[in-house]
Structures are given as C-alpha cells and as structure tokens.
Amino acid sequence: MMADDPFFATIKELAVRRQGGLMNQTVPRCHLHYNSPGASGFGVKRTGLLLPEAMMLMVAPGCCGRHGTIAGNETGFADRICYMHMDERDLVTGRHLARISQAAKEICDSTKPRPKVLMICTSCIDALLGTDLERVCRKAEQTCGIPVVPAYMDPITREGKKPPMASIQQSLYYCLKHSEQRSDTVNLLGNFVPLDDDCELRLLLSQAGIQRMNQISACRTFEEYMEMGQASLDLVLTSLAIPAAEDLKKKLGIPYHRLEHLYDINAIREQYSLLAETLEFKLNDTQYYDEARHATEIFSKQHRGMKFAVGQTVNGNPFEISAALIKYGMEVPFIFTHMINEEDRRYIRMLKVSSPETRVYSSVYPAMLNYSNAMSGADVAIGLDAGYYFPDAVCLSWNTERQPFGYRGLISLLRQIEDSIANPKSHREQMHGSYLVI
C-alpha cells in the first residue's frame, strides 16, 4: 500500500488480531498530528458545564482555550467560563499555581448571581508538570467558600485508561454527597443530553416502581443535581462513564448497571432482560418490541440490499449499528472509526460472519485527507465523518442533541433514514451550523 493510499483493514483481518494487537493506523498517537478529543458535539469544557450553576476557570496557554471560546459563543456557555493565561515562564516554573486561588475568588466575587460551584480545568501542561490539582482545588475552596472541582483537558491521555471524556465525567459527580437512598430513584450516567421524550426506558422503569430518572443534563439547579446522591442505582450509558460510576459506588454506595445504545432488536430485548434481573422485577417490553419489529420488517422489505457507510460521529457504536443493518438485510461495505477499542471486538466477531469483507477505514490516518470526496459505493452515509467521503450518498448525521435509546431509538433511526432518502441532503448541508468544541 502506497503512503498516499487511505488505510483500511477488512473485518476478517481485524477479527484474527490478538487482544492488544490492533494496527497502529487506528491509534491517533501513532501519527504526527494532533486530534482533539472534542472535535465536535460535547468536549471537555461544554461537558463540565453541565454541572448546573457552575463556572469554569480554564488554566492554560491561549491556544488551548481558542476553540472553547468559539464554541462557547455558539452553544451559550461563553459567559460561564473564564481563562487564566499561562506564559512561557509558567510552563517552566509552575508559578501560575499560586495565582489560581486568587483568580477563583475574583470569579466568585464578580459573577452575578454568585456560582454555587467552581470547576478548575487544566490542560496537558499541568499533566506534564505533575500538578496536584486536587490540592489546588482544596486551597481555592477555602478561599472561595464554595465547592471547587478539579477537571482535566489533557489529550495526551486520550488512548490511556482514563481519557479526557472519562475523567470529566468523574468531575461532574465530584460534589455528590451521601444521602438516604430512595428505591424509586435511579441516575443515568454518560448521556450529555436528555433521552428522547418517547424513549420507553422511563416507562419500563415505572413498572418496577421507579418514578425518578435523574439526568445531569436535565438538572436546572445545583440543588436538583445534589439529589442525584439519593439514587439507589446508576444506569451507565457509555463505558466512558464507568470510572464515574465506580467513584459513586465507592463513595456513596450506589451500585451501577451498564446499558448500551443498541440497534439490534434482539440485543435490546436481552439488555432489558438483564436490567430486569438487576431490578429483581420482570419488565414487560412486548408492546415496544412489537413496534420495533414491525418497523424493521417494513424497512427490510423496502430497502434490502441498500449499501451503507457508517461513521463514528453517531449516537451509537458504528460496528454495532453496522451489524444491525446487515441483520435487517442491508449491506455495509464501509465503516469509519477514530480508533478500535476492546468493546468493539464482539461486534467485529459478529461482522466476521455476516460481512467479512467490510472495509474499516482509520479516520485519523493522514493520507485520508487526499481522498476527500473521492469514494463511491455507498447509498447512505450515517455520520458526518462517513458522509465526508461520499458526496453522492444520502447523508444522515445521526448525532442530534436528544439522545435516542432502546426500541424507540431503533425506530427513530429507521425513520430518519427513510426521511433522508425521501429528502436527501449532502454532507455540506448536514455540516451547516456545526462547530468545534474542546
């Protein structure tokens, strides 16, 4: 393969690689380029400011705050974030640490209304300096008289055990305190926007007597947020939230149960069955299963054989979505991914049976830039990253700021594919209004 060729591996090739033996082309740190962990949607800053009535102090060189400033103006959090600039001497000596408490106090004294909590966010610089940010926060807390939370925006940890988007979720629940647990209350962890209003999860939980489903993205006040400490169970919607769930289990004694964004109808039913075992209550999902089964049967009949390209900038796992589409009679010749993790392996094994020749492209491989708008062979591209390479395909972003889930999430995906086919939009049209977020 020539240096300017786009890198890909087939599903068949990926399936035989041993654990830990994934190719360097799918690991961003193996290339001479920088790829932000928050290239779109929710990055570290925007996620941290899900904490209601909070302000953030970003301590970093000017370049680290540039995209956050633009995104803040785009998404409405610009007035909740302040910056403390680090110069070259700070980078060498760490003298900036002595100024953080005073900067935090100035924020608290000048902001109206006064924030209920302050988040101090540092960059790769302090990670490399070995800054004890928790100690810095304790000192600032004494100065300000409000909770001060440590947060980290350090892309150098992206391929480590705790990437930035995992550590920021730990920061989100840092303030929660032990409360008397309520059996009728659960938390959702890992979703940055509320679940779709028509999602059946709330209705299924109500069968087991659970009336409150807390989501930080729906908390309007710091007091509402603190009520999350009363939950009897955390439902974890992404593996990136597992460290936060482990923290809450250790600190507050709240157990957790893992749920996934799935589009295979039988896998959704099995997941609800496992949830029922955790709740020790039989959940009746027949109505929702039948609705989804009817939708998949109609979709399969009308579009069997249609070719899809699936990207990673979507609500879900691109390998799982691909396996589900193939199960419904579609073809998926192309998958795009930033990197491959161990959670993807079981779906890769499924695809080995159903579509072994599917090509998996590394979105971060530098030569991919040479193949902009040069690919063909897909009728529908799901995800803006996939749509970038297929200008003649129908493009569906599938990354809206209402979170699809469960049977209704599957139905919503199929309906939006139908709408996109009936009213095709190009990748450029889908990109309109998008923004960078760090």
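Here, residue 1 is the first one in the sequence, and each next residue gets the next number.
The existence of a salt bridge linking Asp234 and Lys249 is excluded, since no basic side-chain nitrogen approaches an acidic carboxylate oxygen closer than 4.0 Å. Between Arg415 and Asp419 there is no salt bridge, since no side-chain N of the basic residue sits under 4.0 Å from a carboxylate O of the acidic one. In this structure, Asp344 does not pair ionically with Arg349, as no charged nitrogen and carboxylate oxygen lie closer than 4.0 Å. A salt bridge does not link Arg138 with Glu141: every distance from a Lys NZ or Arg NE/NH1/NH2 to an Asp or Glu carboxylate oxygen is 4.0 Å or more. Look at Asp196 and Arg408 and you find no salt bridge, because none of the NZ, NE, NH1 or NH2 atoms lies under 4.0 Å from a carboxylate O. Salt bridge present: Arg346 and Glu260 bring a charged side-chain N and a carboxylate O closer than 4.0 Å. Taking a cutoff of 4.0 Å between a charged side-chain nitrogen and a carboxylate oxygen, Glu13 and Arg359 do not qualify as a salt bridge. Salt-bridge formation is not detected for the pair Arg182/Glu227: no Lys NZ or Arg NE/NH1/NH2 atom is positioned less than 4.0 Å from an Asp or Glu carboxylate oxygen.
In this structure, Arg269 satisfies the cation-pi test against Tyr289, with its NZ or CZ atom closer than 6.0 Å to the six-membered ring centre and inside 45 degrees of the ring normal.
In this structure, Thr111 contributes its side chain and Arg114 its backbone to no donor-acceptor pair below 3.5 Å.
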| request: List the steps and the verdict of ring pair (Phe, Tyr, Trp, His ring centres under 6.0 Å) for Tyr389 and Phe336. | output: CA-CA 10 Å; Tyr389 296 103; Phe336 295 84; 5.0 Å; yes
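Taking the centre of each ring, Phe390 and Phe334 come in below the 6.0 Å mark.
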